[in-house]
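First comes the structure, then the notes that go with it.
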Amino acid sequence: ADMGWETQAVRLAPLKNAMQLLNMAHDRSIISNVKGVRLAKAAEAASKASPEGTTIYRWQNMPPGMLSQLASAQPGLVFQSTGPMCASMNPTATNDFGKHRVVIRYAKGAKALHSYGSGKYSGEKEISTLPGARFVLLSKKEVPDKEHGNPGGKRWEIEVLMLPHDPNAI
């Protein structure tokens with residue numbers, strides 16, 4: 001029988017860390033019962049709010065089209081992710097994941113999955129944003145790419161505000 005998302009959230013909430021939620025492929029009963037919106041709602045139920053101003057970091061590569069959109073984007077732009085994004089409490093722990101850094105600041109009431117402390121990469125202090133998370137572009141600038149040993153090269157430093165999660169947005 002199909003279980004409702006509330007039942008799944010109760011089942012998932014006691015997990016020791018959010019990586020168990022994100023790596024649910026090992027539990028076929030959950031995968032067969034929680035899909036799409038229900039998975040997002042279960043992730044939200046397992047998420048935690050952090051104090052306003054908490055900062056997490058995401059390093060990523062960006063295709064030329066995304067860089068072009070970023071170059072023309074103005075502060076105040078609101079955008080929404082379609083899925084979760086992995087980030088870190090450490091500003092440089094994941095700089096090998098990509099050239100550009102997104103600095104994510106929590107608004108009051110913003111939530112994410114605290115997935116650090118799991119696996120062999122616990123030093124990353126991983127945080128995963130929720131599917132459907134909304135962000136406001138605060139600032140963007142090109143800066144020297146010192147973190148990748150290319151101080152003469154440029155990379156983007158993008159600062160965004162993560163808004164409180166809207167369960168109707170998923």
Side-chain angles (χ1 to χ4, degrees), residues 2-63 65-70 72-89 94 97-98 100-118 124-140 156-170:
D2 188 32
M3 296 170 66
W5 74 264
E6 296 93 345
T7 304
Q8 285 294 344
V10 168
R11 179 177 172 196
L12 296 171
L15 296 176
K16 290 184 180 177
N17 63 62
M19 286 308 291
Q20 290 174 296
L21 174 63
L22 297 175
N23 294 324
M24 289 186 323
H26 302 293
D27 186 339
R28 295 292 173 204
S29 66
I30 293 175
I31 289 297
S32 65
N33 290 309
V34 180
K35 294 183 180 179
V37 171
R38 285 183 278 163
L39 178 56
K41 289 184 183 287
E44 181 184 15
S47 67
K48 297 178 184 177
S50 289
E52 182 177 8
T54 297
T55 304
I56 58 176
Y57 307 87
R58 174 179 172 78
W59 289 85
Q60 68 181 58
N61 287 317
M62 296 180 188
M66 183 183 283
L67 290 172
S68 176
Q69 288 180 345
L70 177 62
S72 64
Q74 297 298 311
L77 172 74
V78 177
F79 61 96
Q80 182 174 9
S81 67
T82 56
M85 292 191 305
C86 295
S88 174
M89 298 289 288
T94 59
F97 291 0
H100 309 287
R101 182 167 69 174
V102 181
V103 178
I104 303 168
R105 304 209 189 281
Y106 281 63
K108 184 177 181 179
K111 296 167 107 180
L113 289 167
H114 293 234
S115 46
Y116 53 84
S118 60
E124 287 178 17
K125 296 184 178 178
E126 185 176 355
I127 302 287
S128 299
T129 65
L130 295 172
R134 296 170 303 134
F135 302 90
V136 177
L137 178 63
L138 298 176
S139 67
K140 61 181 168 106
W156 282 99
E157 180 90 359
I158 304 122
E159 183 180 14
V160 299
L161 181 68
M162 183 167 57
L163 300 173
H165 196 255
D166 178 1
N168 297 317
I170 50 177

Q) So Val102 and Met85, side-chain contact (heavy atoms from CB on, under 4.5 Å) or not? Walk me through it. A) CA-CA 11 Å; Val102 181; Met85 292 191 305; 5.8 Å; no
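- In this structure, the separation between CG on Leu161 and OG on Ser139 is 11.0 Å, given to the nearest 0.5 Å.
- The CG atom of Leu163 sits 9.5 Å away from atom CZ of Phe79, with the distance rounded to the nearest 0.5 Å.
- Put simply, the side chain of Gln80 never gets that close to the backbone of Arg134: no donor and acceptor are under 3.5 Å apart.
- Closest heavy-atom contact between Ala107 and Glu52: C-CG, 4.1 Å.
- Of the possible donor and acceptor atoms, one in the side chain of His165 sits under 3.5 Å from a partner among the backbone N and O of Pro131.
- Checked against side chain to side chain contact (heavy atoms under 4.5 Å, CB included), Leu70 has the following partners two or more places apart in sequence or in another chain: Met62, Lys140, Trp156, Ile158.
- At a threshold of 4.5 Å between non-hydrogen side-chain atoms, the residues Leu138 and Pro75 do not count as touching.
- Atoms CD1 and NE2, on Ile56 and His114 in that order, are 8.0 Å from each other to the nearest 0.5 Å.
- In this view, Thr55 and Arg105 satisfy the side-chain hydrogen bond (donor to acceptor under 3.5 Å, both in side chains) rule, not counting sequence neighbours.
- Glu157 pairs by the side-chain hydrogen bond (donor to acceptor under 3.5 Å, both in side chains) definition with Arg101, Arg155, not counting sequence neighbours.
- Across Ala112 and Leu130, no two heavy atoms sit closer than the pair CA-CG, 4.4 Å.
- Taking every heavy atom of both residues into account, Phe97 and Trp59 meet most closely at CB-O, 3.6 Å.
- For Gln60, the side-chain hydrogen bond (donor to acceptor under 3.5 Å, both in side chains) partners at least two apart in sequence or on another chain are Arg58.
- Scanning for side-chain hydrogen bond (donor to acceptor under 3.5 Å, both in side chains) contacts around Ser72 gives an empty result, with sequence neighbours left out.
- With a 4.5 Å cut-off on side-chain heavy atoms, Phe135 and Thr129 count as touching.
- Formation of a donor-acceptor pair under 3.5 Å by the Ser68 side chain with backbone atoms of Gly65 is not found in this model.
- Counting heavy atoms from C-beta on, the side chains of Val78 and Val136 come closer than 4.5 Å.
- Scanning for ring-ring contact (aromatic ring centres under 6.0 Å, His included) contacts around Tyr106 gives an empty result, with sequence neighbours left out.
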